[in-house]
Protein chains: 2
Amino acid sequence: MATPLEKARKDPNSMKAKILKVARRMFGEYGYHGTTTRMIAREVGIDISTLYYHWGEKTDLYESVILDINNDLRKKLVEVEKVIHGRPLARRLGIAIDMVTDYLFECPEISNLVLFQYFRKTREEPNLDFHVPDFISDIARSMDLCKTRESIPTSASMRVLAMMNSIHNFISGEEFFREMLKLKREEYIDHVKETLEFMLIPAFNSRKAGLK
Amino acid sequence: MATPLEKARKDPNSMKAKILKVARRMFGEYGYHGTTTRMIAREVGIDISTLYYHWGEKTDLYESVILDINNDLRKKLVEVEKVIHGRPLARRLGIAIDMVTDYLFECPEISNLVLFQYFRKTREEPNLDFHVPDFISDIARSMDLCKTRESIPTSASMRVLAMMNSIHNFISGEEFFREMLKLKREEYIDHVKETLEFMLIPAFNSRKAGLK
DNA sequence: ATGTGTTTCCATCATTTGATGGAATTATAT
DNA sequence: ATATAATTCCATCAAATGATGGAAACACAT
């Protein structure tokens with residue numbers, strides 16, 4: 001009960017917490033190999049060895065970052081679930097898209113790192129043991145894709161992944177897509193929500209039953 | 001008319017072509033910073049300076065890789081368009097999903113690199129001038145999202161991006177998702193197609209009209 | 001004030017990495 | 001066979017990078 005990550009969570013003003021916050025952003029923006037420990041230290045305004053003093057190896061810091069963003073995302077999803085509970089499906093989806101999108105646009109490094117986790121290998125494998133996001137089952141249940149949390153059909157997991165990734169894509173790709181479509185930030189966010197509703201609501205709404 | 005890329009395309013057995021092929025795979029797997037010129041050279045079985053002899057700087061090679069995969073993808077989409085032309089929309093989508101998915105599972109580095117292009121920054125910016133994929137307008141027209149190729153509504157572009165990214169996600173994330181869901185390759189591919197149909201067909205089929 | 005433990009920085013190392021010059025090798029034309 | 005050009009590899013460099021030891025600075029209790 002005294003890992004650097006727990007200490008950082010306990011005191012948000014501590015140096016550990018400051019470093020973690022910057023590391024999240026940098027790793028999210030440039031990826032694991034694209035980020036150097038010196039870049040992080042410079043951004044925090046400390047010497048590189050202070051960083052090593054608090055966090056040890058680069059892989060340890062990266063691992064903590066991943067654990068941290070997964071934790072944040074899980075907490076947010078629980079919060080969303082509380083809000084949408086009991087409403088009709090299409091409405092649930094609409095609200096969930098709205099809340100999750102707003103949240104991720106505030107913390108884009110979460111989307112960056114989640115996608116990075118899925119898509120990219122690292123040379124020296126700081127491979128955090130394939131942490132299957134347990135909240136996938138919660139989302140599946142919340143979207144009427146299955147009854148219990150225990151046995152989720154593969155199709156349901158796939159659909160949840162597709163849904164979550166659609167959102168992450170637009171967050172992570174903001175810079176690229178906005179430049180491409182010549183949109184202001186607010187316009188872009190609105191278009192993202194509209195597009196997600198266009199894709200997700202008909203899909204989940206039209207065939208509540210037909211699961212393999 | 002004598003760039004290394006053109007030479008490589010002309011003679012697929014040339015050393016330039018061999019290097020390009022390996023570079024595609026490596027950059028796709030490990031990203032720009034995650035791939036070293038030595039890794040590529042070792043994989044090809046040549047000395048590192050032979051690689052520099054043929055391709056010059058690392059950024060030049062990377063740029064050629066990006067141009068190459070964009071070109072391949074565009075060619076494939078033209079081919080798909082020829083096959084689906086004239087059929088009803090839902091059928092067009094079904095066939096397109098099938099063909100494009102099969103193709104990308106054969107060349108997963110295309111999906112890797114496309115997503116990498118969208119999502120990740122590189123430190124020293126080998127930023128190929130924000131090449132807006134021109135085939136987006138073709139797809140939009142092919143999906144009944146607009147009439148002409150010239151003026152595509154932003155919503156249409158967004159929907160095409162969402163669609164393409166959904167496919168790329170499952171290709172790039174194969175290793176991670178398959179491990180997570182404990183699926184064999186064939187099972188996974190089938191689930192991917194089913195999920196894409198689940199998401200895309202109702203969306204594009206149900207509201208041919210309602211575009212902002 | 002003094003002592004103890006914590007935090008921060010300076011200096012430095014060993015590797016890795018992008019990159020190049022030049023010798024050696026191979027292909028090609030005459 | 002010989003000259004010329006193209007190709008490949010060996011040796012090496014400079015810069016960047018992950019990492020650490022140890023001295024200095026700081027906090028704080030007694």
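Below, chain A is the first sequence line, B the second, and so on; all start at residue 1.
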Please report, rounded to the nearest Å, how far the P atom of C:dC9 is from the NE2 atom of A:His54.
9 Å
Which residue, A:Phe119, A:Phe170, A:Phe176, forms the ring pair (Phe, Tyr, Trp, His ring centres under 6.0 Å) with B:Tyr118?
A:Phe176
So does A:Arg120 pair up with B:Glu29, basic N to acidic O under 4.0 Å?
no
Aromatic ring pairing B:Phe105/B:Tyr188, orientation class (parallel under 30°, perpendicular over 60°, tilted between)
perpendicular
How many Å lie between CE on A:Met15 and C1' on D:dA25, as a whole number?
14 Å
Hey, are the side chains of B:Leu73 and B:Leu104 touching, using non-hydrogen atoms and a 4.5 Å cut-off?
yes
Determine, for B:Phe27 and B:Lys58, whether the Lys NZ or Arg CZ falls below 6.0 Å from the six-membered ring centre while staying within 45 degrees of the axis.
no
For B:Thr50 and D:dT7, is the shortest distance between a side-chain N/O and OP1 or OP2 below 4.0 Å?
no
How would nucleotides 10-25 of chain C be written as a contact map, 5' to 3', with B for base contact, S for sugar-phosphate-only contact and - for no contact, using protein heavy atoms under 4.0 Å?
B------BBBBB----
Under 4.0 Å: is that the gap between some side-chain N or O of B:Tyr53 and OP1 or OP2 of D:dT7?
yes
Quick one: which residue pairs count as a side chain to side chain donor-acceptor pair (under 3.5 Å) with a foot in residues 12-23 of chain A, not counting sequence neighbours?
A:Lys16-A:His54
Round to a whole Å and report the spacing from CZ of A:Phe27 to C1' of D:dG18.
12 Å
Integer-rounded Å distance: D:dA19 P and A:Leu61 CG
11 Å
